[in-house]
Amino acid sequence: ALRNLLRTAGQRRVRSLALPLLGWGQRVLPWQRALEVLVRTLEEPAARPAQPLRIWLQLPAELHGTAAAALSELAADSRPS
């Protein structure tokens, strides 16, 4: 679903997208896993839009600082060395 959403955003030349943390609101996924899925999906060439896409994550207030730190860590881990 996330792959298709990103592909469609690219096709429609969307420049900015607000997303809830997928799966977390329904407690299907722990928030850490939901962030990991997002980062890993964005790394896939097939899911990556041709144009830069700004993604605004919609998170509950209690996760703002913790999720930002975890996202920074995930992004750093995914960069080539």
Side-chain angles (χ1 to χ4, degrees):
L2 182 56
R3 232 176 259 106
N4 290 336
L5 176 67
L6 294 171
R7 192 175 302 122
T8 300
Q11 291 168 348
R12 294 184 181 192
R13 298 176 191 240
V14 171
R15 294 172 54 186
S16 184
L17 189 63
L19 288 176
L21 195 53
L22 300 175
W24 188 81
Q26 300 79 16
R27 303 302 194 265
V28 175
L29 290 176
W31 67 265
Q32 298 93 330
R33 178 71 180 123
L35 277 179
E36 185 178 331
V37 168
L38 175 63
V39 170
R40 301 298 174 239
T41 302
L42 288 168
E43 290 175 336
E44 296 175 11
R48 200 174 305 137
Q51 305 275 340
L53 177 64
R54 178 173 291 175
I55 298 176
W56 298 93
L57 284 178
Q58 298 172 321
L59 301 170
E62 68 265 17
L63 288 184
H64 286 183
T66 309
L71 187 57
S72 293
E73 203 172 292
L74 281 169
D77 289 348
S78 68
R79 290 188 193 111
S81 325

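Annotation: R7, atom CZ; neighbour count of heavy atoms from other residues, nucleotides and ligands within 6.0 Å is above 12.
Contact check for L53 versus L42: no side-chain heavy atoms found under the 4.5 Å cut-off. In this structure, T66 and W31 have side chains that are in contact, with non-hydrogen atoms separated by less than 4.5 Å. At least one side-chain heavy atom of R40 sits less than 4.5 Å from a side-chain heavy atom of L74.
Heavy atoms only, all atoms of each residue included: A34 and L29 are closest at CA-CD1, 4.1 Å. In this structure, A18 and Q58 approach most closely via the heavy-atom pair CB-NE2, 3.8 Å. When all heavy atoms are compared, the tightest approach of A67 to L59 is CB-CD1, 3.6 Å.
Here the straight-line distance linking atom CD of E43 with atom CG of L38 works out to 10.0 Å at 0.5 Å rounding. Between L21 atom CG and L35 atom CG the span is 5.0 Å, to the nearest 0.5 Å.
Residues satisfying the salt bridge (charged side-chain N to carboxylate O under 4.0 Å, His left out) test with R3, not counting sequence neighbours, are E44.
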